[in-house]
Visitor: 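Right, I'll just put the structure down here and ask away after.
It should be emphasised that the depicted structure is a prediction, and the values quoted were computed from it without experimental measurement. In this chain, numbering begins with 1 at the start of the sequence shown.
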Amino acid sequence: MFKKKNKKSNSMARKIVVATNPKSINSEQYRTIRTNINFSMPDQELRTLLVTSASPSEGKSTTASNIAAVFSQEGKKVLLVDADMRKPTTHHTFKIRNTHGLSSILTRQCEVHEAVQATDIENLYILPSGPIPPNPAELLASKNMEAVKNRLLEDYDLLVFDTPPILSVADAQIVSNKTDGTVLVINTGKSQKESALKAKELLEAAKANVLGVILNNFKIEDSHYYYYYYGSEE
């Protein structure tokens, strides 16, 4: 049913560090993120996770891909859903086709099994965005979106949704209300404090379960740059 690629691309090698360089500092931090996410929901099984950012170019798509990959490495069957139907990137990262995807399923142009694709990473599958529709927010808010999510949960242990930046459009707010948990990616070298706070307020207004914030490009004493996870109580 799924066609598997045999050769890793340079693009994927650069971005999916947990698979291509598992002993690196970045990979270790992604494993820390996984642990903290698991501990953040001790009384509920995490089945759906949303990753968003305050503004564009903060690293949310790379973060979503690595989070999905690191959860697959602990034995979960993971589906990374590119729910950014405005500026999708996941198909470029994994070098897969984007002929059919989430938009195709939501508009009933194809079935789930026609759009989902396997990756070189064991247990990790991708649902690309599909063709860019004129009404992404309406599709994400539709009853069919809930039905598609429930259908996917029959086949996968964890769904990771990569959504557009929350300050740009309403898409992330819509999906966050339908998922078990949300993480917010903040680029410490770019984001303004006001933007980060506004993003958090919008998620809370949508009644999202904000698990925490991932600080991207956080500078530590030895001048390395890496991702670090802060729980929601920090």
Side-chain angles (χ1 to χ4, degrees), residues 14-18 24-41 46 48-71 80-90 92-93 137 140 158-234:
R14 288 194 302 271
K15 294 182 178 179
I16 315 302
V17 65
V18 298
S24 68
I25 293 176
N26 285 352
S27 295
E28 182 58 36
Q29 292 306 315
Y30 278 118
R31 287 189 286 271
T32 300
I33 290 170
R34 180 185 64 195
T35 299
N36 281 281
I37 289 174
N38 284 330
F39 278 131
S40 69
M41 298 186 63
L46 180 71
T48 53
L49 178 69
L50 179 141
V51 179
T52 189
S53 60
S55 305
S57 303
E58 298 205 62
K60 62 144 182 93
S61 293
T62 297
T63 300
S65 296
N66 279 278
I67 287 176
V70 82
F71 270 103
L80 174 60
V81 181
D82 193 343
D84 189 341
M85 293 185 285
R86 300 173 188 270
K87 192 177 180 182
T89 59
T90 301
H92 293 304
T93 298
L140 293 172
L158 176 65
L159 309 179
V160 178
F161 293 89
D162 176 12
T163 64
I166 195 165
L167 297 184
S168 302
V169 289
D171 302 20
Q173 283 182 281
I174 293 168
V175 182
S176 68
N177 187 255
K178 303 174 185 290
T179 54
D180 297 330
T182 295
V183 292
L184 179 65
V185 178
I186 298 295
N187 188 330
T188 57
K190 178 179 180 180
S191 292
Q192 299 295 321
K193 181 179 180 180
E194 293 77 11
S195 297
L197 290 174
K198 180 61 176 177
K200 181 174 179 288
E201 289 173 5
L202 289 174
L203 288 170
E204 290 175 341
K207 300 188 185 306
N209 179 22
V210 181
L211 302 180
V213 175
I214 297 174
L215 298 184
N216 190 7
N217 289 330
F218 182 76
K219 189 174 183 179
I220 55 176
E221 291 183 0
D222 61 1
S223 298
H224 288 295
Y225 290 82
Y226 69 117
Y227 297 88
Y228 195 80
Y229 177 84
Y230 284 86
S232 57
E233 296 299 321
E234 292 286 341

Visitor: Nearest 0.5 Å, please: how far is OG in S40 from CG in L46?
Guide: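 L46 CG to S40 OG: 7.0 Å, rounded to 0.5 Å.
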
Visitor: Could you check if a side-chain atom of E58 sits within less than 4.5 angstrom of a side-chain atom of N216, using non-hydrogen atoms only?
Guide: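 When only atoms from C-beta onward are counted, N216 and E58 do not touch, as no gap falls below 4.5 Å.
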
Visitor: Looking only at non-hydrogen atoms, find the nearest pair between A199 and I166 and report the distance.
Guide: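 It is CB-CG2, 3.4 Å.
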
Visitor: What is the distance from atom CZ of F71 to atom CD1 of I37, rounded to the nearest 0.5 Å?
Guide: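 Rounded to the nearest 0.5 Å, the CZ-CD1 separation comes out at 4.5 Å.
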
Visitor: Any pair with a residue in residues 170-182 that passes side-chain hydrogen bond (donor to acceptor under 3.5 Å, both in side chains), sequence neighbours left out, goes on the list, sorted by first then second residue, please.
Guide: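 Listed by first then second residue: Q44-D180, T48-D180, R86-D171.
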
Visitor: Under the salt bridge (Lys or Arg N to Asp or Glu O under 4.0 Å) test, which residues partner D82, sequence neighbours left out?
Guide: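 For D82 there are no salt bridge (Lys or Arg N to Asp or Glu O under 4.0 Å) partners, ignoring immediate neighbours.
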
Visitor: Tell me every residue that passes side chain to side chain contact (heavy atoms under 4.5 Å, CB included) with E201, counting only those two or more places apart in sequence or in another chain.
Guide: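 For E201 the side chain to side chain contact (heavy atoms under 4.5 Å, CB included) partners, ignoring immediate neighbours, are K198.
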
Visitor: What are the two closest heavy atoms between P164 and T52, and how far apart are they?
Guide: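 For P164 and T52, the tightest heavy-atom pair comes out as O-OG1, 2.8 Å.
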
Visitor: Which atom names give the shortest non-hydrogen contact between A137 and I174, and what distance separates them?
Guide: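 Nearest heavy atoms, A137 then I174: O-CD1, 3.6 Å.
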
Visitor: To the nearest 0.5 Å, what is the distance between CE on M85 and OG1 on T163?
Guide: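 Answer for the CE-OG1 pair, M85 versus T163, is 10.5 Å.
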
Visitor: Can you list every pair that meets salt bridge (charged side-chain N to carboxylate O under 4.0 Å, His left out) and has a residue in residues 25-36, with sequence neighbours left out?
Guide: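 Passing the test, one end in residues 25-36: E28-R31, R34-E74.
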
Visitor: Among residues at least two apart in sequence or on other chains, which ones pass side-chain hydrogen bond (donor to acceptor under 3.5 Å, both in side chains) with S24?
Guide: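 Partners of S24 by the side-chain hydrogen bond (donor to acceptor under 3.5 Å, both in side chains) criterion, ordered by chain and then number, come out as S27.
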
Visitor: Return the OG1 to CG distance between T90 and L80, rounded to the nearest 0.5 Å.
Guide: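 If we round to the nearest 0.5 Å, T90:OG1 and L80:CG are 5.0 Å apart.
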
Visitor: Which heavy atom of S65 sits nearest a heavy atom of I16, and at what distance?
Guide: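 Heavy atoms only, the tightest pair is CB-CD1, 3.4 Å.
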
Visitor: Which value, rounded to the nearest 0.5 Å, describes the distance between T32 atom OG1 and I25 atom CD1?
Guide: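 The OG1 atom of T32 sits 11.5 Å away from the CD1 atom of I25.
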
Visitor: Determine the minimum heavy-atom distance between L50 and A172, stating which atoms define it.
Guide: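 Closest pair (atom of L50, atom of A172, distance): CD1-O, 3.7 Å.
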
Visitor: What heavy-atom pair brings S195 and A54 nearest, and what distance separates the two atoms?
Guide: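 Result for this residue pair: O-CB, 3.9 Å.
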
Visitor: Would you indicate whether the side-chain heavy atoms of I214 and Y30 approach each other to under 4.5 Å?
Guide: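 The answer is no, as the side chains (C-beta and beyond) never meet within the 4.5 Å cut-off.
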
Visitor: Using side-chain hydrogen bond (donor to acceptor under 3.5 Å, both in side chains) as the criterion, list what pairs up with D162, not counting sequence neighbours.
Guide: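 D162: side-chain hydrogen bond (donor to acceptor under 3.5 Å, both in side chains) contacts with K60, S61.
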
Visitor: Would you check if L49 and L211 make a side-chain contact, meaning some heavy-atom pair closer than 4.5 Å?
Guide: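 In contact.
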
Visitor: Can you list the steps and then say if T89 with D84 is a side chain to side chain contact (heavy atoms under 4.5 Å, CB included)?
Guide: CA-CA 8 Å; T89 59; D84 189 341; over 6 Å; no

